[in-house]
Number of protein chains: 2
Amino acid sequence: MKALLKQNIAKHISLSENEIEDFCNLFEQKLIPKKNFLLREGEICKFEGFVTKGLFRVYHIDKNGFEQILYFAIENWWVTDIDSFTTETPSQLFIEALEDSEVLVISKKDKEFAYANLPKIEKLFRVMTQKTHVALQRRMIDNLSKTAESRYIEFTEKYPQLIQRLSNIQIAAYLGITNVFLSNIRKKIAVKK
Amino acid sequence: MKALLKQNIAKHISLSENEIEDFCNLFEQKLIPKKNFLLREGEICKFEGFVTKGLFRVYHIDKNGFEQILYFAIENWWVTDIDSFTTETPSQLFIEALEDSEVLVISKKDKEFAYANLPKIEKLFRVMTQKTHVALQRRMIDNLSKTAESRYIEFTEKYPQLIQRLSNIQIAAYLGITNVFLSNIRKKIAVKK
DNA sequence: TTTATTTATTAAACTAGTTTAATGTTTTGA
DNA sequence: TCAAAACATTAAACTAGTTTAATAAATAAA
């Protein structure tokens, strides 16, 4: 059950068999059925999660009621509201299962325990946060410089397996456009081919 | 000369007098005159910097020649291309001094040395990267959900001291709009008052 | 001090993306 | 298996933001 998690950790840092076992024992499994929430706006995020099955979307609802999707998380991805988790303030985000999902979660308390007792865990999360940050930085540049059409094309090329599992409404909310305009883009691309 | 750096580090983690001294000794000062570069596109970023005087802009030039500003760095801010620095690949960014500036830099080699010998430094950069990431995440949501006008107003409210040192061209490139449209926004706001 | 360069503003035509609403299709759930 | 709900598409009017260009003002350089 925790094989995927161990494998994911090993991609970032090297730990002894014991160390990785100890760390993974701090996680417990949660099952989140489709349309249920791992986190709701206003709650303080007290966990960090690793998805082993299913699909989540992490999104914000602005004051006009529009949803902006920060990211999706499928199998082998980490999911949390790092803002609320680190500052211990109420979250501005929802984390919702778009499919029946399974996630391994570690509590804030246990994570701090790991930081204190397994120094390499500090490195693990530094490296992971850096990678996440680099990815977001690239997305920021793309959003500032590229048209919705090329952002859509690049998204489909980068995450073909994800596209198939998402409705156009979700994809549009991620790209920062309306689903009506996404429809236009898709038509335009289809005509080209 | 390194008092500001020490004070900045102390904000994030607590170190002994010796530890902080040892770590700060790994930094050396660089003077970058206005309009000169700390990093150019294509170079591999081999440093992490802490600004003690002046002002930098970190930006990308897209294939149409337009500039997008990722962030500004003034006194007491850190500056690097974390992407190029961690992956050791050619940078897609320019880091340019907008004023005569002074920056304390640590090399990649010395930073790895610090990670290996001063475990708390690992924590320092994990915490800093997290904070930077949270800020970028908030900016991403703002860019997806808010109009250019409210992004401008919020920027002026959040960084009043920065606004005074920047031309409207720089501010527009940060907001992701043209300077012509920024002029319209400014006029509209002025009329309101 | 004079000239060249960069910056800010304005106008006017234009375009990428939104809004609202209608219609058909697919999925869900009782 | 049938009705309700969610989804995708299209059209048409609209708006936020761009583009190009001209002009004035501020800054820098010689």
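No experiment lies behind these values; they were computed from the predicted model shown. Every chain is numbered from 1, with letters handed out A, B, ... down the list of sequences.
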(message) Base contacts versus sugar-phosphate-only contacts with protein, heavy atoms under 4.0 Å: please encode nucleotides 16-24 of chain C as B, S and - from 5' to 3'.
(response) -BBBB----
(message) Base contacts versus sugar-phosphate-only contacts with protein, heavy atoms under 4.0 Å: please encode nucleotides 22-30 of chain D as B, S and - from 5' to 3'.
(response) ------S--
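Rounded to an integer number of Å, the gap from B/K188 NZ to C/dT10 P is 15 Å. Taking atom CD on A/Q170 and atom C1' on D/dA6, their separation rounds to 11 Å, with Å as the unit. Rounded to a whole Å, the CD1 atom of A/I169 is 15 Å from the P atom of C/dT26. Protein atom CD of A/Q164 is 18 Å distant from nucleotide atom C1' of D/dA8, rounded to whole Å. Atom CZ of A/R186 and atom C1' of C/dT25 are 14 Å apart (whole Å). Here the C1' atom of nucleotide C/dT28 and the CD atom of A/E99 are 15 Å apart, to the nearest Å.
No option in A/R40, A/H60, A/E43, A/Q68 other than A/H60 meets the side-chain contact (heavy atoms from CB on, under 4.5 Å) test with A/L93.
The aromatic ring centroids of B/F50 and B/F27 lie 6.0 Å or more from each other.
Counting non-hydrogen atoms under 4.0 angstrom, B/S167 reaches the backbone sugars and phosphates but no base.
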(request) Go through the steps for B/N8 and B/N76 under the test side chain to side chain donor-acceptor pair (under 3.5 Å), then give the verdict. (result) CA-CA 7 Å; B/N8 182 276; B/N76 214 10; 3.1 Å; yes
(request) Give the intermediate values and the outcome of side chain to side chain contact (heavy atoms under 4.5 Å, CB included) for residues B/Q161 and B/I74. (result) CA-CA 10 Å; B/Q161 76 296 2; B/I74 54 174; 4.1 Å; yes
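Between B/F94 and B/Y59, the angle of the ring planes stays under 30°, which puts this pair in the parallel group of the 30/60° scheme.
Residue A/F155 qualifies as enclosed at atom CZ: its count of foreign heavy atoms under 6.0 Å is above 12.
Salt-bridge annotation for A/E75 and A/R165: present, with a side-chain N of the basic residue lying under 4.0 Å from a carboxylate O of the acidic one. B/K6 and B/E21 are joined by a salt bridge, as a carboxylate oxygen and a charged side-chain nitrogen come within less than 4.0 angstrom of each other.
Side chain of A/N168, nearest nucleotide from D/dT9, D/dA11, C/dT9: D/dT9.
Relative to the ring axis of A/F23, A/K120 does not place its NZ or CZ within 45° and under 6.0 Å from the centre.
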